[in-house]
Amino acid sequence: MRPRTSGAALIALTLLLTSGTAAYAAPGHPTDGPSRAAERLARQTLPADDGWAAEGPGTTGGAAAGPDQVHLVRSRADLVRALGGDNATNRTNATPKVIVVDGVVDGFEADDGSLRSCADLADPEYSLPAYLAAYDPAVWGMVPPTGALEAARVRSVANQTKQTQINVGPNTTIVGLRGATLTGLTLMLDGASNSIVRNLTFDDARDCFPAWSPTDGATGNWNSQYDQVSVRRSEHVWVDHNTFTDGDNPDSGQPVHFGRPYQVHDGSLDITHTASLVTASYNRFVGRDKLMLIGSSNTVGPDVGRLKVTVHHNLFDRVLQRLPRVRFGQVDVYNNWYRLAGDGFEYAVGVGVQSAAYVENNYFTLGVGIASGDLLYDWGGTAVTTRGNWVRADGALPRPVDLVAAYNATHDPDLAADAGWTPTLRAQPASPAPLVPLVVGGLAGAGRLPL
Ligand code: CA
Ligand code: CA
């Protein structure tokens with residue numbers, strides 16, 4: 001039996017962690033490596049039973065790293081070197097390694113430390129004005145772009161991918177020192193089983209070359225390619241105590257083209273392409289649109305029996321959709337705090353094809369215009385389990401709400417109320433929902449682990 005943390009102990013821990021007295025690596029390190037405290041954090045493993053990533057052998061990341069595989073990184077070039085030396089092949093580097101990030105690492109950094117621009121990455125034959133002129137629905141119609149200019153955009157995307165998509169291999173832990181930020185980059189965990197990502201701020205993973213998708217939705221959409229963290233074809237991944245933002249480049253600042261917002265951002269933490277056994281805990285997602293896509297295709301194929309994810313003690317703060325959106329997987333969503341604003345909000349939990357979400361003891365703070373019946377969305381699923389969730393609607397007292405009943409009262413067809421499974425992998429029993437804002441508000445996000 002594991003020790004259980006009482007509510008009072010959690011509050012005490014909150015005060016301890018937010019009191020600002022924790023030490024971290026001193027400036028001007030005497031050596032080239034991280035401090036002992038940072039290395040200790042970087043060698044931590046996922047606690048027993050802590051969500052789907054704890055199944056079977058659990059998740060240890062780079063804990064077994066030898067002394068020569070403990071890296072302190074301060075630049076994109078450092079990060080690529082620590083991951084194995086060549087971004088094109090690092091995804092196959094399974095050597096256990098722990099990587100400690102200090103300061104801001106920018107995905108647009110060249111090896112000499114200068115910053116590359118979108119213009120530097122563009123194919124010579126691509127320009128946005130030319131793209132807008134060529135594929136304006138008034139000229140081109142509502143069919144997908146094809147031809148030389150679209151091909152030049154695709155080549156530009158390939159250039160950017162080499163620059164800003166950082167490929168991670170198996171048996172890797174990446175942790176941040178206080179203030180560590182990965183900006184303008186995608187951490188790609190494709191085939192990166194047994195990996196851990198903690199205590200980092202992910203900022204503005206922007207796409208220089210969004211695609212116009214005229215058949216996406218009734219009026220078309222601009223779509224971006226780059227998530228902040230992508231997990232694909234991997235098992236046993238723990239994403240913990242990170243902060244995800246668009247920084248000073250919010251969607252609200254983007255222009256409108258073809259009557260639709262020019263979307264330069266994609267997901268925060270997308271788990272797709274047969275990935276499974278992932279735990280996302282104590283993360284803070286702030287002011288973003290699309291957050292967590294679990295399964296990217298409705299095709300009944302290799303994702304069946306995969307996409308098992310636990311989502312607990314995260315703060316969803318003024319974010320709009322996919323909190324998460326689930327296909328196929330058994331997904332445990334418990335003790336999260338949803339602090340939702342009315343402006344642009346779409347839904348919280350997406351119930352997709354053959355999904356089995358178990359939504360327990362979450363707390364929803366709703367802005368003006370959001371109703372309890374708006375928190376689920378039917379993306380082609382049939383059932384979802386919801387228990388012990390509380391809602392505080394704008395101007396009202398908090399109260400327990402049956403999310404499925406609230407959804408069914410205002411939508412057809414109805415969703416069934418039993419997703420057909422009960423989670424067993426939890427490090428401690430779910431707290432009652434009314435305690436969730438205090439615990440999650442104090443503990444979720446980067447900068448709150450003792451260092
Ligand atoms: Ca994505
Ligand atoms: Ca109904």
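Numbering of ligands and ligand atoms starts at 1, following listing order.
- Rounded to 10°, the angle formed at the Ca ion (ligand 1) by OD2 of Asp270 and OD1 of Asp227 is 80°.
- Ion pair Arg426/Glu360 flagged as a salt bridge, since at least one NZ, NE, NH1 or NH2 atom sits closer than 4.0 Å to an Asp/Glu carboxylate oxygen.
- In the model, Thr183 has no side-chain atom that pairs as donor or acceptor with a side-chain atom of Asp204 under 3.5 Å.
- Of all N/O/S atoms in Asp266, OD2 sits nearest the Ca ion (ligand 1).
- Counted by atom type alone, Tyr358 and Arg387 present one or more donor-acceptor pairs between their side chains at under 3.5 Å.
- A cation-pi contact, defined as under 6.0 Å to the ring centre and within 45° of the axis, links Arg325 to Trp379.
- The Ca ion (ligand 2) lies at 3.0 Å or more from every N, O or S atom belonging to Tyr407.
- Rounded to the nearest 10 degrees, the angle OD1 (Asp414) to the Ca ion (ligand 2) to OD1 (Asp412) equals 90°.
- Under the 3.5 Å distance criterion, with hydrogens and angles disregarded, no donor-acceptor pair is assigned to the side chains of Asp266 and Ser224.
- To the nearest 10 degrees, the angle centred on the Ca ion (ligand 2) between O in Asn408 and O in His411 reads 90°.
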